[in-house]
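Before any comments, here is the structure.
Each ligand, and each atom within it, is numbered from 1 in the order the structure gives.
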Amino acid sequence: MECKKEENLKYCNCSYNCPKKGICCECIKDHRERGELPACYFDNETEKTYDRSIENFMKNKKEF
Ligand code: SF4
């Protein structure tokens with residue numbers, strides 16, 4: 001299966017300079033191993049805090 005990195009980048013809101021950007025399988029694996037969620041689970045402002053914790057996700061969701 002071919003990597004869809006270029007297509008994925010259209011939907012990636014991560015502002016961190018990271019080599020995994022657009023490589024969603026590696027991105028989610030990395031964050032899952034740390035009990036976190038990737039940038040695309042957060043709105044753009046919250047994403048910029050780089051707090052990818054589930055607690056921050058839940059707090060952010062309540063503010064929608
Ligand atoms: S969400 Fe995390 S792993 Fe994914 S591109 Fe951003 S910094 Fe990298």
Side-chain angles (χ1 to χ4, degrees):
M1 185 178 180
E2 198 173 312
C3 183
K4 296 180 178 175
K5 182 177 179 179
E6 291 309 312
E7 194 179 332
N8 292 342
L9 283 172
K10 293 179 199 166
Y11 306 100
C12 179
N13 69 336
C14 184
S15 61
Y16 193 73
N17 186 16
C18 174
K20 293 184 176 73
K21 214 180 277 192
I23 309 171
C24 302
C25 54
E26 289 186 14
C27 174
I28 199 159
K29 178 179 181 292
D30 198 47
H31 284 288
R32 187 180 58 203
E33 285 173 355
R34 287 186 266 160
E36 299 174 345
L37 294 165
C40 55
Y41 277 74
F42 301 90
D43 62 48
N44 292 343
E45 283 309 305
T46 310
E47 181 282 319
K48 287 179 192 148
T49 68
Y50 303 135
D51 180 353
R52 312 273 195 244
S53 67
I54 291 168
E55 290 79 13
N56 199 34
F57 171 73
M58 295 304 288
K59 183 175 152 225
N60 185 228
K61 289 300 275 185
K62 286 178 191 161
E63 293 168 4
F64 278 119

If we number the atoms of ligand 1 from 1 as shown, the ones under 4.0 Å from a heavy atom of Tyr16 are 7 (S)

Close-contact set for ligand 1 against Ala39 heavy atoms, below 4.0 Å: 1 (S)

Asn60 pairs by side chain to side chain donor-acceptor pair (under 3.5 Å) with which of Thr46, Asp51, Thr49? Thr46

Those atoms of ligand 1 less than 4.0 Å from some heavy atom in Cys27: 1 (S), 3 (S), 4 (Fe)

Closest non-hydrogen atom pair between Lys21 and Cys14, with its separation: NZ-O, 3.2 Å

With heavy atoms under 4.0 Å as the rule, classify the contact between Cys14 and ligand 1 as side chain, backbone, both or neither. side chain

Return yes when atom OH of Tyr50 has more than 12 non-hydrogen atoms of other residues, nucleotides or ligands closer than 6.0 Å, and no otherwise. yes

What's the shortest heavy-atom distance between Pro19 and Ile23, and which atoms? O-CD1, 3.7 Å

Of the protein's non-hydrogen atoms, which lies at the shortest distance from atom 8 (Fe) of ligand 1, and what is that distance? Cys18 SG, 2.4 Å

Below 4.0 angstrom from a heavy atom of Lys21, which ligand 1 atoms are there? Numbered from 1 as shown, please. 5 (S)

Distance, nearest 0.5 Å, that separates SG of Cys25 from NZ of Lys20: 10.5 Å

Tell me the closest heavy-atom pair linking Phe42 and Ser53, and the distance in Å. CZ-O, 3.7 Å

Atom 2 (Fe) of ligand 1 contact by His31, N, O or S atom under 2.8 Å: yes

